[in-house]
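This report concerns only the one structure given below.
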Amino acid sequence: MFVLKSLNPSEKLIGKLKYALTAFFIIPFVPLVVFQMSELWLSLTISVAACGILGFLFIKFKLYGYMVRNSVLGYVCAVGCTILFCLRFWEDKNILLSIFSALVFFNAANMILSLFFKFCCNGRLNPKNLVSVSFGAISLAFTLFFFLPGDSYINNINDFDFAYQDFAVYMFEPALILIFVTGAIGLLLNERFLKLYLSFLAGINICVYFQYMFLNSNLPVLIGDGVDWDKFTGYSVITAVLWVFFLALPFVAQFLIEKIWVKAVKKVPLFIGLIEAVSLGILIVTASGDIFSRNDLILSGEEQYTVSKNKNIITIILDATDNKYIMNTLSSRPEAFSGYEDFTVYTNTCSVFDSTFQSLTQVYSGIESKPVIKVSDWNDQAWNSEKAGEFYKRFHNAGYKMNFFADANWDLSLLRDKIDNITSSKISKSSDSHKNLVRDFNRLTAYRVMPFALKRFFSVDGLDLNRNFQTADNFKFYNEEFREPLDTMKLSDSDKNYFIVEHIWGAHTPLDKATFVDTTEYILEIVREYLNNLKKFGVYDDSTIIIMADHGSHDLPNFPDSTPMFMIKEANKKSDRITLSTAPIYFSDLMSTYLVNAGLYDDEAKELFGPSIYDFKDGDLRERVANYRINDKNYPPSKISPLVPSFGYNVIYSYRYTGDTSDLLGVIKTIGPESITHMEEDAS
């Protein structure tokens, strides 16, 4: 076919154009180098040297000839790819840079396609190649666009606000594109390069399979923290060697044992695809029934910025804000605490648990038993307990509306009679929502299948797939999105008192600012704006306000004694300076503390709920237990619960200590845990 055959202009014409073609290929690189370097003389020196070397090689090996020997189809593909490149990367602010980038891309694409049509094709279509190529192409497409996204979704279903079909159906588009492109390449190849191509497809399928099945075992658990990839340099080298080995296997077989190779290049991808298809089918069948319908109960954000004109008990939870961040900020930037003069900062705190789900469940249900049984059973124990029932009953009887805006993975069906802003809501969707969701799932898949050395370039830190959909009346959780509507705060029309819990991202990693201190100062600014609005509406003085963290830092290597921040302003308290207290408080004291501030703490409540933070003074000694989740390979892995996300933790280390955080650190470093308890399910 004419369109598939390389053009063949005369050698004389090519000889006359060799310097012009060489310049056209090389010169666009110069501005790109200049734009990227601040020192002009250095960039020009590098550009001239690089152009000289590249120009010499270009002319020496007569590469310029391939600039004009492409096929018609090759030229069309090069132009088409360049247009797509421009649509994706064109910058109106820097048109010259965009033009030179497009030229470099076109020249590179044209050269590659010219070489491809010259050496890899025989100038005609080869339909019989499609059968051989289809095994590797379909298997790879199924892995990347159906199995791995489905596996990620179903095994972490409680993290998502959308249904399985909201992305699975739209995965057909990239899958078909991959199959079409892979098949089109195979359709053009001559017999020699077809064999190499089949070996390559088989090798890629093997590499991808081994990467996500076995080589990711050392992949750090993703809990929002950035991964220090430099710690994995050695393992990156090992996995890179294994990739080369698995990729080379089909090529070795092709040249040494061709009879086995002929069957293997078809059957190995087919075998991998069948394993994945069966696995995905089992996952879908055994998954909880709501994978196709995610019209779940939610905590409505309709009243997130509404406060009572009467009494307010307001808690602002700054996720993962460690006590040390607060103390470091207080000592280095005391001005960050301007506006907090009426608060008491407790510097000797201890949460019972170290995760959002566990800790907030403990604080607002009163449960203290460790979540080492099934998560659903622990949930039932927590919310159906006498403590939980009595706590919410007392507040409701006292005329309080209980509004919670907490991202805690609670089973809201257990809380219908306790929390008042629970509602059922459907997510609103658009074509862009689905398109962006496919993009994010592809990014997650790329992170899973890439060799360790390349994973850092496909980082999924902070990747939130739920952001692609708008959930009606959902509350604001991330720091800046919580801050933006603060000026919409209003007083309620009802005569109800309000018990409000605001849970935001806080100092959780990835940080919003460069350092922990910068981030702490930033979130204190946000909370100060909230307090100023309370003052504007005249309800600040009469409000009890708690600013706390759900747990301390997740960065246990640097903060092994992680403990949460806690500060409180009681109603009608006035002070001209912030107060510090070393009283040893424990998060098991918080239910009683709420009841005290609401005037609902009597002898019966004291017997049921125990002491409040006011029962402890500076200098008191008190025994407490800090429970940290750990991945301990000496114990079997925990099962994955359908209710909460799994981060790979399998045990709880319990540290018993008396004193402050320095005593806790001493126990951690010298004595070790009092007990290590295996979790039946990862209750993260």
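Model, not experiment: these values are computed from the prediction. Position 1 is the first residue of the sequence, and the numbers go up from there. Both backbone and side-chain heavy atoms feed into the values below; hydrogens, waters and symmetry mates do not.
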Query raised in the report: For the side chain of Asp663 and the backbone of Tyr657, is there at least one donor-acceptor N/O pair under 3.5 Å apart?
Result: no
Query raised in the report: Does any N or O in the side chain of Ser543 come within less than 3.5 Å of the main-chain N or O of Ile545, such that one atom is a donor and the other an acceptor?
Result: no
**Report entry** Residue pair Gly339 / Leu531: nearest heavy atoms and the distance that separates them
**Finding:** O-CD1, 4.3 Å
Requested in this report: Check whether the side chains of Tyr586 and Thr349 place a donor and an acceptor atom closer than 3.5 Å, and report yes or no.
Outcome: no
Requested in this report: Please work out which of the three classes, parallel, tilted or perpendicular, describes the rings of Tyr635 and His678, given edges at 30° and 60°.
Outcome: parallel
Requested in this report: Verify side-chain contact (heavy atoms from CB on, under 4.5 Å) between Lys401 and Glu303, making sure each step is shown before the conclusion.
Outcome: CA-CA 11 Å; Lys401 187 172 186 180; Glu303 285 197 312; 2.8 Å; yes
Query - Nearest atoms (heavy-atom pairs only) where Lys387 meets Met591 - result: O-CE, 4.4 Å
Query raised in the report: Is the cationic atom of Lys569 (NZ for Lys, CZ for Arg) positioned less than 6.0 Å from the six-membered ring centroid of Tyr540 and within 45 degrees of its normal?
Result: yes
Query raised in the report: Taking the six-membered ring for Trp, are Phe167 and Tyr153 parallel (under 30°), tilted (30 to 60°) or perpendicular (over 60°)?
Result: tilted
Requested in this report: Could you check Asp618, Thr347, Thr344 and say which one makes a side chain to side chain donor-acceptor pair (under 3.5 Å) with Ser581?
Outcome: Asp618
Query raised in the report: What's the shortest heavy-atom distance between Asp493 and Lys309, and which atoms?
Result: O-NZ, 3.6 Å
Query raised in the report: Considering all heavy atoms of both residues, which atom of Thr356 and which atom of Asp319 are nearest to each other, and what is their separation?
Result: OG1-OD2, 3.1 Å
Report task. Examine the side chains of Lys513 and Thr520 and answer whether a donor and an acceptor come within less than 3.5 Å of each other. Result -> no
Query raised in the report: Does the ring centre of Phe395 sit less than 6.0 Å away from the ring centre of Phe499?
Result: yes
Query raised in the report: Quick one: are the ring centres of Tyr364 and Trp383 less than 6.0 Å apart?
Result: no
Query raised in the report: Between Tyr340 and Phe337, what is the ring plane arrangement, given parallel below 30°, perpendicular above 60°, and tilted in between?
Result: perpendicular
Report task. Please determine, by modelled atom types, if Thr315 and Tyr594 share a side-chain donor-acceptor pair under 3.5 angstrom. Result -> yes
Requested in this report: Indicate the atoms forming the closest heavy-atom contact of Arg483 with Ile526, along with that distance.
Outcome: CD-CG1, 3.7 Å
Report task. Using atom types as modelled and distance alone, determine if a side-chain donor or acceptor of Asp542 lies under 3.5 Å from a backbone N or O of Val539. Result -> no
Query raised in the report: Is His508 close to His554 at the side-chain level, that is, under 4.5 Å between some pair of heavy atoms?
Result: yes
Report task. Report yes or no: does Ser684 contribute a side-chain atom to a donor-acceptor pair with the main-chain N or O of Ser646 at less than 3.5 Å? Result -> no
Requested in this report: Would you kindly say whether His551 and Asp322 are connected by a side-chain donor-acceptor distance under 3.5 Å?
Outcome: no
Requested in this report: Look at the side chain of Asn627 and the backbone N and O of Val352, then say whether any donor-acceptor pair between them is shorter than 3.5 Å.
Outcome: yes
Query raised in the report: Any donor and acceptor pair, going by atom type alone, linking the side chain of Asp682 with main-chain N or O of Asn650 inside 3.5 Å?
Result: no
Query raised in the report: How about Tyr478 and Phe482: are their ring centroids closer than 6.0 Å?
Result: no
Report summary line: Minimal heavy-atom distance between Asp620 and Lys617, with the atoms involved, is OD2-N, 2.8 Å
Query raised in the report: Counting only N and O atoms by type, is there a donor-acceptor contact under 3.5 Å from the side chain of Arg656 to the main-chain atoms of Glu674?
Result: no
Query - Aromatic ring proximity, centroids under 6.0 angstrom, Phe477 and His503 - result: yes
Query raised in the report: If only atom types and distance count, is the side chain of Trp378 paired as donor or acceptor with the main-chain N or O of Gln381 below 3.5 Å?
Result: no
Query - Steps toward salt bridge (charged side-chain N to carboxylate O under 4.0 Å, His left out) verdict (Arg333, Glu521) - result: CA-CA 8 Å; Arg333 300 179 192 175; Glu521 184 177 33; 2.9 Å; yes
Query raised in the report: For the residue pair Phe559 and Phe516, is the inter-centroid distance of their aromatic rings smaller than 6.0 Å?
Result: yes
